[in-house]
Amino acid sequence: MLQIAHIQAHKEEVIEALQKRHFSKATELVENAISIDNERKTTQSSLNELQAGANEVAKSIGVLMRQGKKEEANQAKEKAAQNKQTIKNLEDKLKELESDLTNCLYEIPNTPYKDVVAGKGADDNQILEEWGAIPTLADDAMPHWELIKKYDIIDFELGVKITGAGFPVYKGKGARLQRALINYFLDEAIAAGYNEVQPPILINEASGYGTGQLPDKEGQMYEATADNLFLIPTAEVPITNLYRDEIVKESDFPIKMTGHTPCFRREAGSWGADVRGLNRLHQFDKVELVAIEHPEKSYQRLENMLSHVKGLLEALELPYRVLRLCGGDMGFTAAMTYDLEVYSAAQGRWLEVSSVSNFETYQSNRLQLRYQSQDTSDKKKHLAHTLNGSALALPRIVATILENNQTKDGIKIPKVLQDYCRFEQID
RNA sequence: AGAGAAAUGGCAGAGUGGUCGAAUGCACUGGUCUUGAAAACCAGCGUACCGUGAGGUACCGGGGGUUCGAAUCCCUCUUUCUCUGCCA
């Protein structure tokens, strides 16, 4: 969430930035947050004053008791008891205001970075670059949902039997290709200086709040209700939360982590004609990059992460394009997001395979993830910036490899994967 | 899963109703001394919020309660440790 002090100091700027998202409640919510905060301040002031008085009386009673002045002590007691209820009421009011403020702030999305253009949705995204030639396929080329049947490598019907729609079973070379991709992506991340972690794939509520999945987006997550845990929608959640409530040293930056996890998404209501096959699943695998960075270097870090992902796609020889999302298409918590899409030749469409974002302090403010400046005269703890990016999500990469590399003899495996797969084609 | 014990500042560790935001040691920062370092000595050293400021308030695992007053008493939750059980 945004910092209330920042909103107070830069109200117009915040409202203006939020307009880029076409966020209609911007002015209303910002005004509301400010007025709650102002009331909070005055409430705390008067509460503190009363508490100071009460503390003084309580102390004096202690002194009087020790001096044996019982009567005076009892008089003071009565006096103190009078203010008790007032203090209690003010305390309750303060708590309520604080929680109102937090709830209000939860509803305000992150303010887009200066480079982000205004826009309502996907059509307004900026296409920054395109790489690679679009392959021309034979006339009888098949979309991946037919190829997986032809070669018997991914089975949706079996998944339906075991679990339900959107939970495919990978078999034989399909399973091995998955494993190869995971290992390849992890090795590349490690080579780029990311520290591999294997986090839990169930998270508690606090973690959900930390990275912004909660409140409001619980409908997107599978929930283990008996234990009040959630299946992760992305490794971003457990990995970023490793640093919840931590104070790091400035010299620790950048903190770079990577991890492979399955991801679980309910995707309620988002099924339609163009989500056949591997295009949208309830469970899929992803290798994620997470970075925690100094505020002054976070955009540099974002570029660095973007070029890492581009390098992967180039090594896999998949034509891609880079989009900078417009305000309206960005996730709630992001300040700037690059999407990478690969061209799926048999479907004739671009498929999003990675999303790389800078959250600035939006997540770290909830996480209370701060750093201590190296400058010893600066005693204050400062919020760090958090970033993450997929590198990469598997299913659409698999779909595109299958479609783009199909030949009459079989599906050619990209060179970089051959050692990982230990086979060169699927036939 | 059952029984017991525990949770205090960066760490260790005192404190069982009142000058306790919290002894002491270590660590850390600054200084004295030294050619330099070590040692010794002196001083400082938690976080957040409110206040222009002086200053105030809250925080001793989380939440609630008793009391004029709670680190200290009560309830509850969480976590850790020990023993027993179970298990890859």
Side-chain angles (χ1 to χ4, degrees), chain A residues 1-9 33-105 198-210 214 224-230 238 241-252 255 361 363-384:
Chain A
M1 60 186 169
L2 296 176
Q3 298 165 80
I4 184 61
H6 179 261
I7 294 178
Q8 285 274 17
I34 287 176
S35 89
I36 295 171
D37 188 47
N38 290 340
E39 197 182 347
R40 185 197 118 243
K41 286 180 183 177
T42 56
T43 303
Q44 187 178 333
S45 283
S46 38
L47 171 63
N48 284 175
E49 224 169 281
L50 285 176
Q51 284 170 324
N55 285 342
E56 210 171 308
V57 175
K59 267 185 195 170
S60 74
I61 293 172
V63 175
L64 291 171
M65 295 291 265
R66 230 168 301 121
Q67 292 172 343
K69 297 178 182 167
K70 264 211 169 147
E71 238 173 74
E72 284 179 54
N74 283 331
Q75 276 172 17
K77 270 192 197 180
E78 273 174 43
K79 191 178 151 201
Q82 284 171 10
N83 275 332
K84 227 183 144 179
Q85 193 54 43
T86 320
I87 289 176
K88 180 91 175 80
N89 290 345
L90 269 183
E91 277 173 350
D92 289 347
K93 187 182 171 193
L94 183 63
K95 265 186 207 168
E96 202 179 313
L97 285 168
E98 281 170 351
S99 110
D100 286 351
L101 178 59
T102 305
N103 287 332
C104 179
L105 292 174
Q198 287 191 1
I201 59 178
L202 284 147
I203 51 139
N204 57 26
E205 266 191 316
S207 296
Y209 278 97
L214 297 176
T225 50
D227 298 290
N228 201 23
L229 299 172
F230 298 86
N241 270 283
L242 295 177
Y243 280 86
R244 172 154 45 87
D245 294 323
E246 294 290 332
I247 295 165
V248 302
K249 289 187 298 222
E250 191 174 3
S251 56
D252 292 338
I255 297 167
T361 59
Q363 289 183 330
S364 60
N365 189 33
R366 289 197 191 182
L367 292 162
Q368 282 304 295
L369 161 50
R370 294 169 297 165
Y371 70 93
Q372 177 78 63
S373 173
Q374 268 175 325
D375 176 2
T376 49
S377 67
D378 181 9
K379 297 270 191 200
K380 271 257 171 207
K381 315 276 192 273
H382 305 276
L383 293 174

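Note that the structure is a prediction, hence the values are computed from the model and not measured. Letters A, B, ... mirror the listed sequences (proteins, then strands); counts begin at 1.
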Verify the neighbour count for atom CD of Gln198(A): are there more than 12 heavy atoms of other residues, nucleotides or ligands below 6.0 Å?
no
Taking 4.0 Å as the cut-off, does a side-chain nitrogen or oxygen of Arg370(A) come that near to OP1 or OP2 on rU47(B)?
no
Whole-Å P distance, rC77(B) and rG15(B)
28 Å
Every protein N/O lying under 3.5 Å from an N/O of nucleotides 59-67 of chain B:
residue, atom, partner, partner atom, Å
rG64(B), OP1, Lys95(A), NZ, 2.9

Which residues pass the salt bridge (charged side-chain N to carboxylate O under 4.0 Å, His left out) test with Glu56(A), sequence neighbours left out?
none
Which value, in whole Å, describes the distance between the P atoms of nucleotides rU35(B) and rA43(B)?
25 Å
Lys69(A) NZ to rG18(B) P: how many Å, rounded?
20 Å
If you round to the nearest 0.5 Å, how far is CG of Asp37(A) from SG of Cys104(A)?
10.0 Å
So, Gln51(A) and Asn55(A): side-chain donor and acceptor under 3.5 Å apart, yes or no?
no
With RNA chain B as reference, determine whether Ala54(A) or Asn48(A) sits nearer its 5' end, using the nearest nucleotide of each.
Asn48(A)
Go through it in stages, so that I can follow the logic: the residues are Gln363(A) and Leu369(A), the test is side-chain contact (heavy atoms from CB on, under 4.5 Å), and I'd like the CA-CA distance, side-chain angles, deciding distance and then a yes or no.
CA-CA 8 Å; Gln363(A) 289 183 330; Leu369(A) 161 50; over 6 Å; no
Say you pick atom P in rA38(B) and the same atom in rG31(B); how far apart are they, in whole Å?
12 Å
Determine the interatomic distance between C1' on rA1(B) and the same-named atom on rU67(B); round to the nearest Å.
39 Å
Identify whether any heavy atom of Lys249(A) sits under 4.0 Å from a base atom; if not, whether one sits that close to sugar-phosphate; answer base, sugar-phosphate or nothing.
nothing
Between C1' on rC50(B) and CD on Glu49(A), what's the gap in Å once rounded to a whole number?
11 Å
Quick one: on RNA chain B, does Gln51(A) or Lys381(A) contact a more 5' nucleotide (nearest heavy atom)?
Lys381(A)
rC81(B) and rG63(B), which share atom name C1', separated by this distance in whole Å:
24 Å
Which nucleotide in rG46(B), rC49(B), rC50(B) has an atom nearest any side-chain atom of Ser45(A):
rC50(B)
Side-chain donor-acceptor pair under 3.5 Å between Asn48(A) and Ser45(A), yes or no?
no
Using the P atom in both, what is the distance from rA71(B) to rC60(B), to the nearest Å?
7 Å
If you measure from CG on Asn241(A) to CG on Leu367(A), what distance do you get to the nearest 0.5 Å?
5.5 Å
From Gln75(A) atom CD to Leu64(A) atom CG, the distance as rounded to the nearest 0.5 Å:
9.5 Å
Has Ser364(A) got a side-chain atom pairing as donor or acceptor with Leu383(A)'s backbone, closer than 3.5 angstrom?
no
Quantified in whole Å, what is the C1' atom distance between nucleotide rC20(B) and nucleotide rU8(B)?
12 Å
Taking NZ from Lys41(A) and P from rU57(B), how many angstroms apart are they, rounded to a whole number?
20 Å
With rounding to the closest Å, how many angstrom separate the P atoms on rU52(B) and rG65(B)?
32 Å
Here the distance between atom C1' of rC77(B) and atom CD of Glu205(A), to the nearest Å, is 14 Å
For atom CG of Asp227(A) and atom C1' of rU78(B), their distance in whole Å:
14 Å
Any stem touching RNA chain B, meaning at least three consecutive Watson-Crick or G-U pairs under 3.5 Å, ordered by first number, would be B:1-7 with B:78-84, B:10-12 with B:24-26, B:28-32 with B:40-44, B:46-50 with B:55-59, B:61-65 with B:73-77
Would you indicate what Ala80(A) reaches in the nucleic acid, counting non-hydrogen atoms under 4.0 angstrom: base, sugar-phosphate, or nothing?
sugar-phosphate
With rounding to the nearest 0.5 angstrom, report the CE to NZ distance, Met65(A) to Lys70(A).
6.5 Å
Counting heavy atoms not belonging to Glu71(A), are there more than 12 under 6.0 Å from its CD?
no
To the nearest angstrom, the CD-C1' distance between Gln372(A) and rU29(B) comes to 12 Å
Write down the distance between NZ (Lys93(A)) and P (rC50(B)), rounded to a whole number of angstrom.
16 Å
Under-4.0 Å side-chain N/O to phosphate OP1/OP2 contact, Asn55(A) with rU19(B):
no
In this structure, how many angstroms lie between the P atom of rC49(B) and the CZ atom of Arg40(A), rounded?
8 Å
What is the nucleic acid contact for Ala52(A), judged by heavy atoms within less than 4.0 Å: base, sugar-phosphate only, or nothing?
sugar-phosphate
